[in-house]
Amino acid sequence: MTDKIKEFIVEAREFHTDSKEQLEAFRIKFLGSKGLLKEFFAEFKNVPNEMKKEFGQVINELKNTAEEKVKSIHEMLESKEESKGGYGDLSRPGEPMVIGSRHPISLVKNQIIDIFSTIGFNVSEGPEIEDDWHNFTALNLPEYHPARDMQDTFFIQTNPDVLLRTHTSSVQVRYMENNKPPIRTISPGRVFRNEAVSSRSHCIFHQVEGLYIDKDVSFADLKQTLQYFTKEMFGKSKIRLRPSYFPFTEPSAEVDIYWGLKTETDYRITKGTGWLEIMGCGMVDPNVLRNCGINPDENTGFAFGMGIERIAMLLYQIGDIRMFYENDVRFLEQFKSSI
Ligand code: PHE
């Protein structure tokens with residue numbers, strides 16, 4: 001009899017399962033109300049006295065072994081289930097992913113960067129909070145120069161030397177101060193002007209300005225570069241340069257692109273002329289080069305600057321500049337399919 005029980009002890013000790021059902025079957029077989037242990041304990045009274053001690057020991061051992069086995073396998077299965085719970089139901093269909101879209105300002109900015117990087121321009125950036133020197137003085141706009149009024153400026157009240165940059169020409173000044181010609185760089189960034197907000201202008205907007213300085217850079221190079229740009233950006237290369245004035249360039253010009261007069265919108269946005277102004281440009285004034293540590297007798301260069309919002313409004317036919325800053329998803333979602 002004791003040999004039989006010892007075999008059951010081995011069986012219980014070696015038992016293993018991953019299934020709850022098999023564990024339950026094991027429990028019923030050994031510990032159930034009609035199980036083996038019940039049977040052996042009932043047998044106890046029939047065992048001769050001299051064997052009672054040994055018999056008692058083996059059935060106790062069987063009981064402990066079986067109980068411990070049930071307990072440990074139960075805990076193991078339970079913890080497995082818990083970790084499974086962390087993943088949820090793995091057979092469930094996936095949640096649809098909400099895909100965002102790039103902001104139209106970023107789309108246009110990236111496109112402009114791509115176009116210019118193809119012809120060797122790198123990207124430079126600078127601080128939005130500027131000092132007077134980089135935003136004005138170095139750019140041939142000394143204090144009290146009337147042209148400072150061309151760009152209404154946000155000054156920091158307690159210190160007029162600190163201001164929010166009105167254009168990214170300030171980045172070009174920094175770039176010239178820190179790099180020697182040849183220089184080919186474009187400076188995209190956010191700029192600030194103290195202007196009334198309307199459908200056509202905002203006090204915060206974005207610019208990309210370009211700068212090319214080397215030996216013998218001519219106005220013809222500028223024109224060629226602009227033609228390349230407008231062709232790549234709008235698919236149109238008919239441009240005209242209207243004489244204009246910027247303190248940091250001489251001569252200066254305003255760039256118009258021939259948009260055409262095919263649709264009603266064309267009439268509206270070009271005011272019936274077919275021409276659209278898209279940027280300012282010119283040959284860098286020798287004073288500016290000198291201010292930035294570049295010898296104007298050895299180097300010449302051109303610069304240009306455009307508003308990203310204006311270009312985006314033309315490309316996507318957006319009628320109100322304020323749409324860019326409202327972050328209305330119904331507006332933003334329309335740019336999902338763009339790059
Ligand atoms: N900085 C000018 C502006 O913000 C644009 C410009 C840049 C004009 C370079 C000429 C040359 O309006």
Side-chain angles (χ1 to χ4, degrees), residues 105 109 112-113 116 121 123-128 130-142 145-154 163-176 183-195 200-214 217-219 221-226 229-230 239-257 276-289 291-292 294 296 299-311 313 321:
I105 298 294
K109 183 185 83 177
I112 298 173
I113 291 174
F116 281 104
F121 282 74
V123 174
S124 48
E125 286 182 338
E128 292 179 347
E130 260 303 357
D131 51 35
D132 186 283
W133 170 258
H134 292 97
N135 197 78
F136 289 130
T137 308
L139 288 160
N140 214 19
L141 275 154
H145 193 291
R148 283 198 178 199
D149 289 345
M150 285 167 78
Q151 303 174 350
D152 256 330
T153 310
F154 286 113
L163 48 91
L164 295 178
R165 67 181 177 195
T166 57
H167 48 191
T168 55
S169 304
S170 56
V171 182
Q172 303 183 331
V173 173
R174 288 179 181 275
Y175 197 85
M176 285 188 274
I183 288 172
R184 257 175 291 177
T185 188
I186 52 168
S187 320
R190 194 156 59 148
V191 300
F192 309 83
R193 290 187 197 175
N194 192 2
E195 277 171 24
R200 305 203 57 79
S201 65
H202 209 284
C203 55
I204 301 175
F205 60 101
H206 299 76
Q207 278 191 327
V208 176
E209 297 219 350
L211 178 71
Y212 183 10
I213 296 172
D214 203 348
V217 177
S218 70
F219 204 92
D221 296 323
L222 167 60
K223 201 176 161 194
Q224 194 61 43
T225 307
L226 295 176
F229 169 71
T230 50
I239 58 170
R240 73 180 180 193
L241 297 169
R242 261 183 306 110
S244 184
Y245 171 74
F246 296 104
F248 25 85
T249 47
E250 182 60 35
S252 304
E254 218 98 46
V255 183
D256 294 346
I257 174 175
L276 263 180
E277 181 195 317
I278 53 162
M279 63 171 113
C281 66
M283 300 305 291
V284 182
D285 193 299
N287 283 339
V288 175
L289 295 177
N291 287 340
C292 301
I294 292 173
N299 296 283
T300 51
F302 65 72
F304 56 86
M306 65 191 112
I308 302 182
E309 278 81 352
R310 184 163 170 75
I311 309 266
M313 285 168 86
I321 196 170

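Atoms within each ligand, like the ligands themselves, are counted from 1 in listed order. What's counted below: heavy atoms across the whole structure, side chains too, no hydrogens, waters or symmetry copies.
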(Q) Using the rule given for side-chain contact (heavy atoms from CB on, under 4.5 Å), can you reason through His134 versus Arg165, listing the C-alpha separation, both sets of side-chain angles and the distance that settles it, and then say yes or no? (A) CA-CA 9 Å; His134 292 97; Arg165 67 181 177 195; over 6 Å; no
Q | Residues in the immediate environment of ligand 1 (any heavy atom closer than 4.0 angstrom) | A | Gln151, His167, Ser169, Arg193, Gln207, Glu209, Phe246, Phe248, Thr249, Gly280, Cys281, Ala303, Phe304, Gly305
**Q.** Phe229 ring center within less than 6.0 Å of Phe121 ring center
**A.** no
(Q) Between the side chains of Arg200 and Glu195, is the shortest nitrogen-to-carboxylate-oxygen separation below 4.0 Å, so that they form an ion pair? (A) no
Q. Between His167 and Phe246, is the gap from one ring center to the other below 6.0 Å?
A. no
Q | Result of checking Ser187, Ser124, Ser169 against Glu209 for side-chain hydrogen bond (donor to acceptor under 3.5 Å, both in side chains) | A | Ser169
Q) Can Val123 and Ile186 be said to form a side-chain contact (heavy atoms from CB on, under 4.5 Å), step by step? A) CA-CA 5 Å; Val123 174; Ile186 52 168; 4.3 Å; yes
